[in-house]
Amino acid sequence: MKVWTLDAALQRCQWPRHFREILSQTILTGLISDPYAASRVINFSTRSALVPFDYSLRIFNHLHNPNAFTWNTIMRAHFELRNNPHQALTLYKLFLAEHAKPDNYTYPILLQCCAARVSEFEGRELHAHVVRFGFHQDVYVRNTLINLYAICGSMSSARQVFEESPVWDLVSWNTVLAGYVQAGNVEEAERVYRGMPERNTIASNSMIVLFGRKGCVEKARRIFDEVRGRDMDMVSWSAMVSCYEQNEMCEEALVLFVEMKASGVTVDEIVVVSVVSACSRILNAEMGRLVHGLAAKVGVEDYVSLKNALIHLYSSCGEIVDAQRIFDDGGVLLDQISWNSMISGYLRCGSIESAEKLFYSMPEKDVVSWSAMISGYAQHECFSEALALFQEMQLHGVKPDETALVSAISACTHLAALDIGKWIHAYINKNKLQINTILSTTLIDMYVKCGCVENALEVFYAMQEKGVSTWNAIILGLAMNGLVEQSLSMFADMKKTKTLPNEITFMGVLGACRHMGLVNEGRHYFSSMIHEHKIEPNIKHYGCMVDLFGRAGLLKEAEELIESMPMAPDVATWGALLGACRKHHDNEMGERVGRKLIQLQPNHDGFHVLLSNIYASKGHWGNVLEIRGIMAQHGVVKTPGCSMIEANGIVHEFLAGDKTHPQISDIEHMLDEVSAKLKIEGYVPTTSEVSLDIDDEEKETALFRHSEKLAVAFGLITIAPPTPIRVMKNLRICNDCHTVVKLISKAFDREIVVQYI
DNA sequence: TTAGGGTTAG
């Protein structure tokens, strides 16, 4: 058998059996011991789908003296077919050990293997071999070296190889340029781009990508238009579309895509994914549907990233059925991201049960799956479920990352689960986990809402970089804890750091003024917000000012401010005025405002209750009953007061008048004790708050079953001093509870924090 | 044999 017969036979080879016959012929005739003939066999077998890779390997292992070509082929096959660059590099050592000589094709393969492993160390070793064997002048070798260093982030070495080259081809230029693009080095990239002897499409496309990533949309567009005049290709269009999409110019992205279609360029899966993502951003399901149809037409429907982008699109637009259809039809094409996207899609659409079902049925859960579920629970106010899942996640040995931690901590905040929150904080420190601005801010938020100002300040001062939300959390938190002066001086500090305040900052600042009744300061900050910082006050700022004026008895000014609002006043704003009317006994205005509100928002419980309270405080029981009737007629149910307290890592919930707690008899006993003790101290219950037509003794009892009092009593029983008693409440605390808690604190010598969240 | 495009999950 001759080599040319072998080549001809291989060319005709159609079946695995043919190949085995050809192989046995080469062995029987002894042709296999000819290194060139052996290389033809290996080359064919590694490239052909007829032969399994293991079979090629077995042939290779039986060869006595494979030549460089054969070694190269088998090393490349390890890298490309098996995706095993490490094995290729191992084989290279064997190659040298057998005293075979590498050729100029050997190093591009091996250097690519190093690039795939991002292994600069191995690369440098090979670089030395390249020089030793005298291939350093080869332009292919040089280019792969440049690429290797660029990928390993060592642009100085890449640049050095480039500079030392005797000749440069287009690939050399493009590779160096790609390195700077990847490193995000605009200056050097532009310099290289300008220095190129001729600018080709690939280089221009790289520049479009770079400018797109850096937010320089106009520069990208200029280059795009330049290429357009020369020779653009699919990538040019695609890069420009994605540039718009990444910079949130979704309309432009869609327009350009339509133009691309119209110009007759082939559309592929990559550009389609960018376009679908643009549709998601602007919640345009209709356009997305068109693109989806187009993708099906060009036959890229099975592309998993596209499926994922579509699941995201449809679920973001509330079209959960369509999202689900893609997921259900996906079968084996789906990946981890598909599952996670579907879970968060369900959660976004409020189908907690579907999300749970999918979550518990998924083959593999990663951090994202867990934290999607945890934060989904938290977003739907299922805080206990969120925390329980966070703990379950750790039992499964999954390490929480920043996002999971943020969700868990915010669940702690809402549950007043301070101990668990502190445990998470300690866990972060112990494991030296990355603390980013969001995580720190969440911790600060938790501490201030649990009344631990010291801990909050500790986190705050330890932060390297503080964002506006960090300042907001501390300003708001200090004010919330009654540390008004500190809060306002924090605001002054913030201004010194040149951090620009936003509308939330002013909520904190105005809230601080309200807390202390600082009317003049409030006016000053409100005006500086508008004139100095050019921030339009929102409805909450107005509400805050109305409350500030109202509490100070400036009812007229408060009402005038409401009338001057550019938007319709909301519940809180009217509520503030109504509350002020009650406090300052302006029943005329109170009734007027209250009646108006009931008409405006017949479904809101707060107004009815406030108005009813106004009547109750005057003893006008007829009117109270009338309001009750209106409430019943509109199906308005008073939101029950609910307080939470954490003891020994368990969160206990109390509703007003609640008798369901297992320790209720102890609690009632404690309340009686408290009542007796406080009466000695001269406490008189403010029964005017109770809008029931019952006698005073019954009113006292009702008052003493408010949820926060139950929780505090429970705290007195279960939490040993000096640990403070911390209670979280869903509604604002009533005057009586406020007084009572202060008295308990004194009489029992306990630190007590009741927080309204 | 070396160079250019993308997104999607919390």
Side-chain angles (χ1 to χ4, degrees), chain A residues 69 72-73 75-76 79-80 103-112 115 138-148 150-151 169-179 181-182 200-210 212-213 227 232-243 245-246 253 268-281 303-313 315-316 323 326 334-348 366-379 400-408:
Chain A
F69 183 97
N72 293 345
T73 308
M75 288 190 291
R76 185 169 41 238
F79 174 43
E80 286 174 358
D103 65 9
N104 54 331
Y105 287 82
T106 310
Y107 292 98
I109 298 166
L110 295 173
L111 292 169
Q112 266 184 294
D138 185 295
V139 72
Y140 282 93
V141 176
R142 298 198 77 90
N143 290 347
T144 39
L145 268 171
I146 295 171
N147 184 52
L148 167 78
I151 282 184
D169 66 359
L170 215 50
V171 178
S172 323
W173 285 98
N174 286 340
T175 312
V176 171
L177 182 60
V181 170
Q182 192 215 327
N200 65 344
T201 311
I202 291 186
S204 303
N205 292 348
S206 301
M207 293 307 288
I208 295 175
V209 170
L210 177 61
R213 285 187 194 151
V227 197
M232 68 183 349
D233 60 10
M234 189 204 285
V235 178
S236 322
W237 287 99
S238 178
M240 195 61 221
V241 168
S242 126
C243 164
E245 191 271 329
Q246 284 175 338
D268 71 354
E269 67 276 14
I270 293 181
V271 69
V272 164
V273 167
S274 293
V275 176
V276 170
S277 153
C279 295
S280 309
R281 275 190 202 261
Y303 189 62
V304 65
S305 300
L306 176 59
K307 285 188 185 296
N308 296 343
L310 285 168
I311 291 173
H312 178 75
L313 165 81
S315 63
S316 302
I326 294 175
L334 302 177
D335 64 5
Q336 185 70 27
I337 295 180
S338 321
W339 286 78
N340 293 344
S341 301
M342 196 63 228
I343 288 176
S344 49
Y346 280 135
L347 290 167
R348 206 178 297 121
D366 63 5
V367 204
V368 179
S369 328
W370 288 95
S371 75
M373 204 61 220
I374 294 169
S375 85
Y377 276 138
Q379 272 158 24
D401 64 1
E402 283 167 357
T403 323
L405 291 165
V406 166
S407 298

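The chains referred to below are lettered A, B, ... by the order of the sequence lines, with proteins before strands, and numbering in each begins at 1.
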* With sequence neighbours left out, write down each residue that passes side chain to side chain contact (heavy atoms under 4.5 Å, CB included) with T73(A), or none if nothing qualifies. => I42(A), N43(A), T46(A), F69(A)
Using distance alone, with no hydrogens and no angle criterion, decide if [X] and [Y] have a side-chain donor and acceptor under 3.5 Å apart.
X       : Y       : value
S277(A) : E245(A) : yes
D233(A) : S236(A) : yes
N147(A) : T144(A) : no

* Asked: Under 3.5 Å, is there a donor-acceptor pair between the side chain of N174(A) and the main chain of L177(A)?
  -> no
* Structure fact -> B/S/- along nucleotides 3-10 of chain B (protein heavy atoms under 4.0 Å) is BBBBBBBB
